[in-house]
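First the structure, which I've put down as structure tokens, then a few questions once you've had a look.
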Amino acid sequence: MVLAWYMDDSTDDQRLKHHMTPPQYVSLATLKENTGVLYWKLNPESYETDGQLEKIKSDRGYTYTDVIQVSPDKLPNYETTIKRFFEEHIHTDEEIRFVLEGSGYFDVRDSHDKWIRIAVDVGDLLILPAGIYHRFTLDSKNYIKAMRLFIGEPVWTPFNRPADDMDARKQYIEHQKSGF
Ligand SMILES: CSCCC(=O)/C(O)=C/O
Ligand SMILES: [Fe+2]
């Protein structure tokens, strides 16, 4: 099962766990209620044929898929790109990632602007809502392969914080206030 927890304030290596002392875990239900993040666990052996991924795609209108590999030797412009992933940003659309191999951390801001770290592993499908402040880092294993999904032609543009005046951010805050 995916694990999520509040992060400490340490500036140590971003690939470390950064637990609070003692650790303060966040349940999937709280994650959804507080941030709107959605999560599914799919079977990595059978997702191509068991219909689970197809159902999520058709329910949510995802028409585009591709695969990204993030590691020092697989990703072009690795140093620049990994730095960009870890800058706090929003997108104007959902960020949908299904982990095929490896692992990593998605960090999202909660309603009090605190970082929650979400540890993703093989079979995890995560949806970050449009307008949520977030960032991504590899963990100490330094490798992830993930499917990216999108409705229509993909737009990956990150808008770094501050992006509070953007419609996507304002709409996200409205959803958070009225309840996800
Ligand atoms: C595991 S996919 C790499 C991270 C990414 O695509 C992204 O947009 C982070 O915000
Ligand atoms: Fe992103």
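Start at 1 and go down the list; that is how both ligands and their atoms are numbered. The analysis underlying the following values was restricted to heavy atoms, covering all of them including side chains, and did not include hydrogens, waters or symmetry mates.
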When you check ligand 1 against the protein, what N or O pairs turn up below 3.5 Å? List the atom names and distances, or just say none.
from: ligand 1; atom 1: 6 (O); to: R97; atom 2: NE; distance (Å): 3.2
from: ligand 1; atom 1: 6 (O); to: R97; atom 2: NH2; distance (Å): 2.9
from: ligand 1; atom 1: 8 (O); to: E95; atom 2: OE1; distance (Å): 3.1
from: ligand 1; atom 1: 8 (O); to: E95; atom 2: OE2; distance (Å): 3.3
from: ligand 1; atom 1: 8 (O); to: R97; atom 2: NH2; distance (Å): 3.2
from: ligand 1; atom 1: 10 (O); to: H89; atom 2: NE2; distance (Å): 2.9
from: ligand 1; atom 1: 10 (O); to: E95; atom 2: OE1; distance (Å): 3.1
from: ligand 1; atom 1: 10 (O); to: E95; atom 2: OE2; distance (Å): 3.0
from: ligand 1; atom 1: 10 (O); to: H134; atom 2: NE2; distance (Å): 3.2

ask   = Is the closest basic N to carboxylate O distance between K57 and E54 below 4.0 Å?
value =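 Result for this pair is yes, salt bridge flagged.
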ask   = How about the Fe ion (ligand 2), which protein N, O or S atoms come within less than 2.8 Å?
value =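 Protein N, O or S atoms closer than 2.8 Å to the Fe ion (ligand 2): H89 NE2, H91 NE2, E95 OE1, H134 NE2.
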key: Donor + acceptor pair across side chains of D73, Y143 (<3.5 Å)   =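 Judged by distance alone, the side chains do not pair up.
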key: Residue pair L16 / R117: nearest heavy atoms and the distance that separates them   =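 So the minimum-distance heavy-atom pair works out to O-NH1, 2.6 Å.
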key: salt bridge (charged side-chain N to carboxylate O under 4.0 Å, His left out) against R169, all qualifying residues, sequence neighbours excluded   =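 R169 satisfies salt bridge (charged side-chain N to carboxylate O under 4.0 Å, His left out) with no residue once adjacent residues are dropped.
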task = Please list all pairs passing the ring pair (Phe, Tyr, Trp, His ring centres under 6.0 Å) test where one or both residues lie in residues 158-180, with sequence neighbours left out.
result =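 Found Y172-F180.
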inquiry  = Can you tell whether the side chains of D59 and K55 come within less than 4.0 Å, N to carboxylate O?
reply    =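 Between K55 and D59 there is a salt bridge, with a charged N closer than 4.0 Å to a carboxylate O.
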Common cluster, I68/I96, ILVMFWY with side-chain heavy-atom separation under 4.5 Å =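 I68 does not cluster with I96.
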request  = Output, in order, the C-alpha distance, side-chain angles, deciding distance and verdict of ring-ring contact (aromatic ring centres under 6.0 Å, His included) for Y25 and H19.
outcome  = CA-CA 9 Å; Y25 287 96; H19 273 296; 5.3 Å; yes
ask   = Between T65 and L149, is there a donor-acceptor pair closer than 3.5 Å when you use the side chain of the first and the backbone of the second?
value =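 Checking the backbone N and O of L149 against the side chain of T65, no donor-acceptor pair under 3.5 Å is found.
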